[in-house]
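All values below come from the heavy atoms of this structure, side chains included, with hydrogens, waters and symmetry mates left out. So you know, we letter chains A, B, ... as the sequences are listed, proteins then strands, and number each from 1.
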Protein chains: 2
Amino acid sequence: MAPRSKRAPRSGSNKVRIEEVARRAGVSPITVSRALNTPEKVNETTRVAVLKAVEETGYIPNRLAGSLASNRSKTVGVIVPTVTNSIFADKIRGLGDVLSGAGYQILLGQSGYSLDAEADLVAALLAQSPSGLVLTGSTHAHRTHVMLERSGVPVVETWTSAEFPIDMQVGFSNEAAAFAVVEHLVAAGYRDLALVVAPVQDNDRALGRLEGFRKAIAHFGLRQPAPEREAAFSLRNGAEALVNILETHPDTDAIFFANDILAAGALLECRRRNIAVPGRLGVAGFDDLEIAAEIVPSLTTVAVPRYEIGSRAAQMLLARLDNAETGRRVQLDFTIMERESTRRER
Amino acid sequence: MAPRSKRAPRSGSNKVRIEEVARRAGVSPITVSRALNTPEKVNETTRVAVLKAVEETGYIPNRLAGSLASNRSKTVGVIVPTVTNSIFADKIRGLGDVLSGAGYQILLGQSGYSLDAEADLVAALLAQSPSGLVLTGSTHAHRTHVMLERSGVPVVETWTSAEFPIDMQVGFSNEAAAFAVVEHLVAAGYRDLALVVAPVQDNDRALGRLEGFRKAIAHFGLRQPAPEREAAFSLRNGAEALVNILETHPDTDAIFFANDILAAGALLECRRRNIAVPGRLGVAGFDDLEIAAEIVPSLTTVAVPRYEIGSRAAQMLLARLDNAETGRRVQLDFTIMERESTRRER
DNA sequence: ATGGCGAATGATAGCGCTAACATACTTGGG
DNA sequence: CCCAAGTATGTTAGCGCTATCATTCGCCAT
């Protein structure tokens, strides 16, 4: 009698599995695994044989299976508001350069500046069992905190400098940077300042800059209340905010735009309207994008280590995964880049 | 005698597993799985009970395990040269918007405009068993083709319009677009053209634009050989290429920059040097970034559907994964945006 | 000799989920 | 009242790897 028939194997594709490689190399599957993951633990000759078999078969290990078995995945979740903002693109480049060198892949999520969307992404990324998570900012939905805590996954928060990060942090003080800009404007002789900043809702980087601006206004005894406008980053919005401020507050003599795109848009509008910069109006930006140095007049701004935020975050994660000792908070420096747009003849 | 001791369970973390949820809801694990993945297959009352248990326990399904078991992962690999170039950032936004709506995550790879790096990334991403792969361009290393073929993973190539895509394709004809730009410059009265294009090595988009330019030069019987320069995209490089061309070919009356960043850098340099645009020199760009509309003078360029390339690619993938019938080649339109930088008084 | 130790490799048993099949229970037409 | 065809849920057996423990084989100190 025939043996009771097994059910059909549900092996997916016709892909090469570790077993075939093992057979070809004349070793056991576990040896293939070791030859690929911890080569120092296998004899040179067997390693060579295994690699040859891998080459011949075109074997690509199934990391889903590997990660499940080892409880370690080679992925890192990265959540940014949007890749469209080039400051985050630079961060991602920094992350990618370091992580891909260590064999890690990036799982990317875009929150669209919404903490609620961020929380959904955290859940979705945690489901992939990432080795680590890199978030933007220090403000998160309550459930985000809960999920992160429960998961135990290493987390790096970036772009800010909160006193008590969830886990690790790489950033700078947005507040101090904004304060320094106002300080610079005052030193350049401007007195009636205005601020244009990204919508602060769900955005603690923008909020920090707003607060730094306000503190500096009070500190230096400048015109209060200073006009403040919220504008999502785009050249057009910068131009419009400029026009609006000059209409409502014609005595304004300098505007601090909390990012360079807004500032550049304003500078272009100044050119169209023949508003003299820096004579009639001083303009300062934030981020030190390439356009700040190239635009005419060149733009005073704050250089922040965008790429380094990414690369350092990646390094911290890798160190942690290596059980190396690391600090938890890295506070990077910003630099005021003084350029023509605030270089007033006095 | 005590039973032979089992070896220690290697259960990783203290995370909630499907079994605990099942116990709480008084059902079997598979029912929990169904309640979450195919809710229409379970009774309303049990579904509610399961969701309640999920809520209470804070259960986050382990997708590594799920994907391994079902041979379907909820990830899509995306390879771009760099996220820093905002045209690719827009594509990623398009991809992300559509994919995250369907519960998919993006695995991001940056190739740095190297086909060899691209091949490594393809291997790394295939190891994660993605549901699909989105590549940039139609030119790939030989081993990339081999790996893709073997894997059987759905692939979408983007930004180009090759006749025989590997699988699916969403793009436009770079050659035709470049041709159209030259056509426009000729119509505007320019005759002695020059080209500045991204390095064509490993970059078929740039190569296509170069070829379109050359064909148009020949077609319209313009000055030959027209000066051609390669420059990686940055404002500074655009400015330098401009200077170089005007030094070596002072009779040049229009320059076509194969991206807007280069063109904008050149326009800013023209301002610094008091070179009249469009009078002394016509300038055209490519991509229709926001800066093209805002810069002074505004920049004639080619609008390409950056976001749509991403969203359409995602839709095609999803349709394929749904076994829906789809076309294989989507050729999108480009639009010449005529602006001040080529609006010569005649 | 001999036993102890490290290096190399193998056998076994899962990782946490879901496909495939099995079973119970419902419904309704003849 | 019975059986066919659904509907809802459960049981079993993997998915393709790797952690863990076991085994084998030298090699050297005693």
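Formation of a donor-acceptor pair under 3.5 Å by the B:Thr38 side chain with backbone atoms of B:Lys41 is not found in this model. B:Arg306 contributes no side-chain N or O that, together with a main-chain N or O of B:Ala89, makes up a donor-acceptor pair within less than 3.5 Å. A donor-acceptor pair is defined here as one N or O able to donate and one able to accept, closer than 3.5 Å; such a pair exists between the side chain of A:Arg143 and the backbone of A:Asp116.
The residues A:Arg47 and A:Glu44 are annotated as salt-bridged, a charged nitrogen and a carboxylate oxygen being separated by less than 4.0 angstrom.
Atom CG in B:Asn43 sits roughly 19 Å away from atom P in D:dG6 (whole-Å rounding). Per the geometry, NZ belonging to A:Lys74 stands 11 Å off P belonging to D:dT18, to the nearest Å. In this structure, A:Asn71 atom CG and D:dT20 atom P are separated by 11 Å, rounded to whole Å. At whole-Å resolution of the value, CD in A:Glu19 and C1' in D:dC15 are 14 Å apart. Taking atom CG on B:Leu68 and atom C1' on D:dA13, their separation rounds to 13 Å, with Å as the unit. Put simply, CG on B:Asn37 is 15 Å from P on C:dA20, counting in whole angstrom units. Atom CD1 of A:Ile18 and atom P of D:dA19 are 11 Å apart (whole Å). Between A:Lys41 atom NZ and D:dT20 atom C1' there is a gap of 12 Å when expressed in whole angstrom units.
When distances are taken from the side chain of A:Arg17 to each of C:dA19, D:dA19, D:dG16, the shortest belongs to D:dG16.
Checked against A:Gln128 for a side-chain contact (heavy atoms from CB on, under 4.5 Å), the options B:Leu107, B:Thr75, B:Asn62 give a single hit: B:Thr75. With A:Ser111 as reference, A:Leu121 is the one residue of A:Leu121, A:Val122, A:Asp120, A:Thr82 to meet the side-chain contact (heavy atoms from CB on, under 4.5 Å) rule.
Within residues 23-34 of chain B, the residues that have a heavy atom under 4.0 Å from DNA chain D are, in order of number, B:Val27, B:Ser28, B:Ile30, B:Thr31, B:Arg34. Using a 4.0 Å cut-off on heavy atoms, the residues of residues 45-67 of chain A that approach DNA chain C are A:Thr46, listed by number.
Here the straight-line distance linking atom OG1 of B:Thr158 with atom CG of B:Leu95 works out to 8.0 Å at 0.5 Å rounding.
For B:Pro165, the side chain to side chain contact (heavy atoms under 4.5 Å, CB included) partners are B:Glu157, B:Gln169, B:Arg329, not counting sequence neighbours.
Using a 3.5 Å distance cut-off with no hydrogens or angles, the side chains of A:Thr45 and A:Asn43 do pair a donor with an acceptor.
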